Novice: 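Take a look at this one; I'll ask things after.
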Amino acid sequence: MEEVLARIASEPTAVTLRVPASLKLTVPLSLLGFAATLSAVNFLYHLPRAERAAEEESRKRLAQEMRRLQRTLEYLQGGSHQPCQARRPAG
(Lines give C-alpha, C1' and ligand atoms only; values in the text may rest on other atoms or scores of the structure.)
Protein backbone atom coordinates (compact mmCIF):
# COMPACT_ATOMS: atom_id res chain seq x y z
CA MET A 1 0.00 0.00 0.00
CA GLU A 2 2.81 2.37 0.85
CA GLU A 3 4.44 1.63 -2.48
CA VAL A 4 1.29 2.65 -4.33
CA LEU A 5 0.98 5.89 -2.35
CA ALA A 6 4.66 6.69 -2.91
CA ARG A 7 4.33 6.04 -6.63
CA ILE A 8 1.16 8.20 -6.85
CA ALA A 9 2.84 11.02 -4.93
CA SER A 10 5.97 10.94 -7.12
CA GLU A 11 4.18 10.83 -10.48
CA PRO A 12 2.85 14.14 -11.79
CA THR A 13 -0.76 13.93 -12.77
CA ALA A 14 -2.28 15.99 -15.53
CA VAL A 15 -5.45 17.75 -14.55
CA THR A 16 -7.70 18.56 -17.44
CA LEU A 17 -10.74 20.74 -17.12
CA ARG A 18 -13.50 20.08 -19.52
CA VAL A 19 -14.98 23.31 -20.84
CA PRO A 20 -18.27 23.13 -22.70
CA ALA A 21 -18.07 24.03 -26.39
CA SER A 22 -20.58 26.83 -25.91
CA LEU A 23 -18.21 28.61 -23.49
CA LYS A 24 -15.37 28.31 -25.99
CA LEU A 25 -17.46 30.47 -28.29
CA THR A 26 -19.33 32.79 -25.96
CA VAL A 27 -16.40 33.89 -23.80
CA PRO A 28 -14.22 35.11 -26.72
CA LEU A 29 -17.25 36.77 -28.33
CA SER A 30 -18.11 38.49 -25.05
CA LEU A 31 -14.55 39.75 -24.70
CA LEU A 32 -14.55 40.94 -28.29
CA GLY A 33 -17.83 42.78 -27.73
CA PHE A 34 -16.46 44.40 -24.57
CA ALA A 35 -13.32 45.52 -26.39
CA ALA A 36 -15.41 46.91 -29.25
CA THR A 37 -17.59 48.82 -26.78
CA LEU A 38 -14.55 50.33 -25.08
CA SER A 39 -13.12 51.33 -28.45
CA ALA A 40 -16.38 52.99 -29.44
CA VAL A 41 -16.52 54.94 -26.17
CA ASN A 42 -12.92 56.01 -26.64
CA PHE A 43 -13.56 57.06 -30.23
CA LEU A 44 -16.80 58.93 -29.52
CA TYR A 45 -16.03 60.52 -26.16
CA HIS A 46 -12.37 60.58 -25.14
CA LEU A 47 -10.78 61.22 -28.52
CA PRO A 48 -12.64 64.50 -29.21
CA ARG A 49 -11.89 65.68 -25.66
CA ALA A 50 -8.19 64.93 -26.17
CA GLU A 51 -8.21 66.79 -29.48
CA ARG A 52 -9.88 69.82 -27.87
CA ALA A 53 -7.35 69.77 -25.04
CA ALA A 54 -4.47 69.63 -27.53
CA GLU A 55 -5.96 72.52 -29.53
CA GLU A 56 -6.39 74.58 -26.35
CA GLU A 57 -2.79 73.88 -25.34
CA SER A 58 -1.53 74.93 -28.77
CA ARG A 59 -3.63 78.13 -28.56
CA LYS A 60 -2.07 78.92 -25.19
CA ARG A 61 1.44 78.35 -26.54
CA LEU A 62 0.69 80.47 -29.62
CA ALA A 63 -0.67 83.32 -27.47
CA GLN A 64 2.38 83.13 -25.22
CA GLU A 65 4.69 83.26 -28.22
CA MET A 66 2.77 86.20 -29.69
CA ARG A 67 3.06 88.10 -26.39
CA ARG A 68 6.78 87.40 -26.31
CA LEU A 69 7.22 88.61 -29.88
CA GLN A 70 5.13 91.71 -29.19
CA ARG A 71 7.32 92.59 -26.18
CA THR A 72 10.41 92.10 -28.32
CA LEU A 73 8.97 94.35 -31.02
CA GLU A 74 8.02 97.02 -28.48
CA TYR A 75 11.51 96.85 -27.02
CA LEU A 76 13.10 97.26 -30.43
CA GLN A 77 10.76 100.11 -31.37
CA GLY A 78 11.30 101.77 -28.02
CA GLY A 79 15.04 101.87 -28.66
CA SER A 80 14.58 103.86 -31.88
CA HIS A 81 12.29 106.44 -30.20
CA GLN A 82 14.77 107.40 -27.53
CA PRO A 83 16.37 110.76 -28.23
CA CYS A 84 19.91 110.40 -29.40
CA GLN A 85 21.95 113.40 -30.45
CA ALA A 86 24.33 111.38 -32.56
CA ARG A 87 21.59 110.06 -34.84
CA ARG A 88 20.17 113.44 -35.85
CA PRO A 89 21.39 114.64 -39.19
CA ALA A 90 23.39 117.85 -39.12
CA GLY A 91 21.47 120.61 -40.61
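None of the values given here were measured: they were computed from a predicted structure. FYI, side chains are in, hydrogens and waters are out, and symmetry mates aren't considered; it's all heavy atoms of this structure.
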Novice: What residue pairs, at least two apart or across chains, pass salt bridge (Lys or Arg N to Asp or Glu O under 4.0 Å) with a residue in residues 42-53?
Specialist: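 For residues 42-53: none.
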Novice: Give me the other members of the hydrophobic cluster that Leu73 sits in, counting Ile, Leu, Val, Met, Phe, Trp and Tyr linked by side-chain heavy atoms under 4.5 Å, directly or via other members.
Specialist: none
Novice: Transitive ILVMFWY cluster of Leu29 at side-chain heavy atoms under 4.5 Å: who else is in it?
Specialist: Leu25
Novice: With sequence neighbours excluded, what pairs up with Glu65 under the side-chain contact (heavy atoms from CB on, under 4.5 Å) test?
Specialist: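 With neighbours one apart ignored, the set is Arg68, Leu69.
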Novice: Enter the distance from Gln77:CD to Thr72:OG1 here, rounded to the nearest 0.5 Å.
Specialist: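 Answer for the CD-OG1 pair, Gln77 versus Thr72, is 11.0 Å.
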Novice: With a cut-off of 3.5 Å and sequence neighbours excluded, list every side-chain donor-acceptor pair involving residues 34-42.
Specialist:
{"residue": "Thr37", "atom": "OG1", "partner": "Gly33", "partner atom": "O", "Å": "2.8"}
{"residue": "Ser39", "atom": "OG", "partner": "Ala35", "partner atom": "O", "Å": "3.0"}

